[in-house]
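Letters go in sequence order (proteins before strands), and every chain restarts at 1. Just so it is clear, the values below take in all heavy atoms, side chains as well, and ignore hydrogens, waters and symmetry mates.
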Number of protein chains: 2
Amino acid sequence: MGRVTVHQLAAEAGVSLATVDRVLNRRSGVRPATVERVEAAIQRLDYRRDVAAANLAKNRTYPICFIVPEGPGEFIRALEAEVRTIAAHPGSSRVEIERVVVPAFDGTKLAEALKVVDPDRFIAVVVVATDAPKVRGAINDLVDRGVDVVTLVSDVPTSRRLHFSGIDNTAAGRTAATLVGRFMHRKGKVGIVAGSMLLRDHVERRMGFEQVIRNEYPGLELLPPIEARDDAALAEAELSRLLDRHGDIGGLYSLGAGNRGVIAALEKSGRRDHIVAVAHELTEDSRQALVSGTFDAVINQDAGHEVRSAIRVIQAKADGHPLIPGQERIRIDVFFRDNLP
Amino acid sequence: MGRVTVHQLAAEAGVSLATVDRVLNRRSGVRPATVERVEAAIQRLDYRRDVAAANLAKNRTYPICFIVPEGPGEFIRALEAEVRTIAAHPGSSRVEIERVVVPAFDGTKLAEALKVVDPDRFIAVVVVATDAPKVRGAINDLVDRGVDVVTLVSDVPTSRRLHFSGIDNTAAGRTAATLVGRFMHRKGKVGIVAGSMLLRDHVERRMGFEQVIRNEYPGLELLPPIEARDDAALAEAELSRLLDRHGDIGGLYSLGAGNRGVIAALEKSGRRDHIVAVAHELTEDSRQALVSGTFDAVINQDAGHEVRSAIRVIQAKADGHPLIPGQERIRIDVFFRDNLP
DNA sequence: AGCGCATTGATTGACGTACCTCAGATTCGG
DNA sequence: CCGAATCTGAGGTACGTCAATCAATGCGCT
């Protein structure tokens with residue numbers, strides 16, 4: 001039973017409630033010997049602070065600032081929706097979320113947005129980060145000003161951010177490579193449609209993918225990647241050109257957004273059944289492409305899980321709680337036609 | 001701001017605190033017109049009850065009984081560990097968990113265990129269910145006595161359980177079939193190592209697997225499944241015999257526990273590189289088998305997620321909260337060598 | 001007018017913790 | 001042994017909600 005209260009603690013330790021309180025909240029003015037007696041009692045009774053009551057007494061809230069890129073992409077929209085869902089959920093009523101929107105792919109604007117975050121208003125910032133020196137500096141400044149920073153989806157590992165809430169993108173790229181490599185029965189060429197090489201997650205996916213294809217599938221030839229800046233129209237045009245030029249493309253990895261364009265190009269080419277295509281992010285488009293057979297696998301990160309995890313990490317830090325190992329590991333979801341949710 | 005309190009509500013509605021309380025807690029003795037006024041104020045101010053404070057006032061706890069099968073299996077041990085982790089975590093301090101262990105594969109004993117659950121002591125039971133009529137009856141009886149029941153890992157869908165916390169096992173079987181089918185480059189025979197056909201999850205996995213192999217990979221020949229009752233030694237012996245008899249086995253699906261035996265048989269046969277093997281549950285054994293190449297893919301369900309989800313569902317029901325769509329969907333995790341956590 | 005009844009108000013004491021004040025006790029240096 | 005500094009106790013208020021009591025109001029009815 002967690003039914004031990006401070007009163008019982010005080011009785012057990014033979015001190016007053018005030019002293020127990022001083023010890024529990026590390027206030028000064030208690031002799032070391034007395035501190036020890038109280039701590040022994042804590043051990044003996046297995047006392048655990050009632051967090052809910054404590055938060056109530058402190059009238060504590062968790063004001064968090066979410067900084068997300070703007071853009072019409074389905075993934076970003078899903079992220080926003082998840083943030084809203086959390087904010088509205090009664091279970092997380094003490095979490096107060098403010099959203100800030102910045103232009104996508106713009107390190108300078110992002111750094112500015114980070115700079116104007118008020119340390120008195122927010123205990124933490126959750127940010128979809130572009131990995132630019134300015135951004136790293138802004139993150140570190142924020143941390144110095146006492147605001148915890150959690151990176152979402154795309155990391156800045158060299159910064160002093162508290163946590164990264166996202167997937168291991170190198171592993172995601174390797175997984176895509178394994179799927180492409182093993183699903184392709186004959187030799188052939190493999191194309192890559194990338195988003196922006198400014199985003200660390202895209203760079204890492206490509207790295208992981210190319211590494212495995214080169215090392216383990218020597219029969220496959222990697223074509224230079226298309227940079228489509230997550231723009232569906234651009235992706236479609238460029239990919240169509242690539243497909244025209246190389247009649248023997250047998251595999252494709254679409255590692256950014258802009259799936260709509262990739263799907264269109266594949267279907268127009270009339271070769272979708274002969275090309276093993278692996279893409280990222282499960283959206284309505286990519287889901288249909290899976291069902292129709294245009295895509296053979298889709299790698300996904302669960303935006304809801306990422307948002308909730310970020311918040312849990314921030315709360316745990318604020319409350320001085322441990323995290324549950326495993327709960328905050330964001331999975332690399334692999335979807336085929338057969339296991340669509 | 002969610003900072004609206006009952007006091008502000010009372011002021012806004014022009015009634016007293018007592019009346020607000022009566023409306024909020026659906027107590028009688030308030031005129032319909034007044035109820036409406038208060039509810040209008042709730043809407044206007046976007047009042048949400050502070051769950052923490054409410055639980056504190058009610059001194060509410062969530063006593064839950066976990067009924068899990070005994071057995072040396074790594075998955076069951078992992079389940080137990082997760083239950084313990086949750087119970088010890090300060091965040092879920094009002095959750096009081098009692099664990100009951102019953103013999104595996106024994107519907108009668110399980111039904112008995114369900115029968116003796118005290119409805120006054122527990123608000124809910126979480127149970128790894130075998131799908132037997134007796135068990136279904138016992139679950140329904142419990143529900144009638146006012147105890148919510150959540151099935152874990154293995155479901156009894158025809159019962160009146162509140163929720164099933166586990167994966168879609170048919171989809172898992174289909175996924176395994178897709179992997180086996182697409183990884184096998186030539187024609188060949190496909191073996192199945194099953195656990196117990198008393199467990200609904202095993203039956204469903206096999207169904208999904210066979211269905212896809214038959215429909216989509218006509219070049220593959222399904223061998224009759226081995227029933228190994230999750231016993232490693234038995235699995236090894238039977239699988240070795242099967243491998244001896246059929247020199248042209250190219251694929252294998254191990255859908256139950258007992259991976260250790262499957263791995264041993266595969267490695268002894270010397271044909272592990274020529275057999276595409278897909279198994280269930282990521283354990284230390286199966287993880288090593290993935291790395292060494294004995295297994296080509298492992299399908300997993302996250303025991304921690306399942307346990308936490310079950311508890312969340314129960315709490316939400318008890319508090320009358322909505323669930324967050326998506327958070328309680330247990331994923332079918334697919335692991336390759338490349339995306340091992 | 002007087003009765004009972006339904007409705008509402010006012011107030012109070014929990015729940016477990018935080019934080020504050022003030023007074024009393026103990027210790028220590030000189 | 002005295003004064004000062006340090007420790008400790010006792011008690012209060014607050015956080016937002018629940019739950020209960022008791023008094024007050026207004027209503028219809030006889």
Participant: So, A:Arg121 and A:Glu98, do they make that salt bridge, N to O below 4.0 Å?
Facilitator: yes
Participant: Among D:dC18, D:dC15, D:dT17, which nucleotide has an atom closest to any side-chain atom of B:His7?
Facilitator: D:dT17
Participant: Just how far, in rounded Å, is C1' of D:dG16 from CZ of A:Arg60?
Facilitator: 17 Å
Participant: When rounded to the nearest 0.5 angstrom, what is the spacing between CG in A:Asp131 and CG in A:Asp155?
Facilitator: 8.0 Å
Participant: Which distance, rounded to the nearest 0.5 Å, do you find between the CG of B:Asp168 and the CZ of B:Arg331?
Facilitator: 15.0 Å
Participant: What's the CD-C1' distance between A:Glu36 and D:dC7, to the nearest Å?
Facilitator: 16 Å
Participant: Less than 4.0 angstrom from a charged side-chain N to a carboxylate O is my criterion; do B:Asp50 and B:Arg48 meet it?
Facilitator: no
Participant: Under a criterion of less than 4.0 angstrom to any heavy atom of chain A, what are the 5'-terminal and 3'-terminal contacting nucleotides of DNA chain C?
Facilitator: C:dG16 to C:dC19
Participant: Does A:Arg94 or A:Val35 map to a spot on DNA chain D nearer the 5' end, using the closest nucleotide for each?
Facilitator: A:Val35
Participant: Please report, rounded to the nearest Å, how far the P atom of D:dC15 is from the CD atom of B:Gln8.
Facilitator: 11 Å
Participant: Side chains of A:Asn25 and A:Asp21: is there a donor and an acceptor less than 3.5 Å apart?
Facilitator: yes
Participant: Check whether the side chains of B:Ser309 and B:Glu328 place a donor and an acceptor atom closer than 3.5 Å, and report yes or no.
Facilitator: yes
Participant: Please give, in whole Å, the distance from D:dT13 C1' to A:Lys58 NZ?
Facilitator: 18 Å
Participant: To the nearest 10°, give me the bend of the helix from C:dA1-D:dT30 to C:dA23-D:dT8, comparing the axes of its five terminal pairs at either end.
Facilitator: 50°
Participant: In terms of the angle between their ring planes, are A:His321 and B:His89 parallel, tilted or perpendicular, with boundaries placed at 30° and 60°?
Facilitator: perpendicular
Participant: Would you name the heavy atoms of A:Leu9 and A:Ile42 that are closest together and state the gap between them?
Facilitator: CD2-N, 3.6 Å
Participant: Does any N or O in the side chain of B:His163 come within less than 3.5 Å of the main-chain N or O of B:Asp148, such that one atom is a donor and the other an acceptor?
Facilitator: no
Participant: What distance do B:Thr61 atom OG1 and B:Arg94 atom CZ have between them, rounded to the nearest 0.5 Å?
Facilitator: 7.5 Å
Participant: Working to the nearest 0.5 Å, report the span between CD of A:Glu74 and CG of A:Leu282.
Facilitator: 9.0 Å
Participant: Specify the separation, in whole Å, of atom CG of A:Leu9 and atom P of D:dT8.
Facilitator: 16 Å
Participant: Heavy atoms within less than 4.0 Å of DNA chain C: which residues of residues 14-30 of chain B have one? Give them sorted by number.
Facilitator: B:Gly14, B:Val15, B:Ser16, B:Ala18, B:Thr19, B:Arg22, B:Gly29, B:Val30
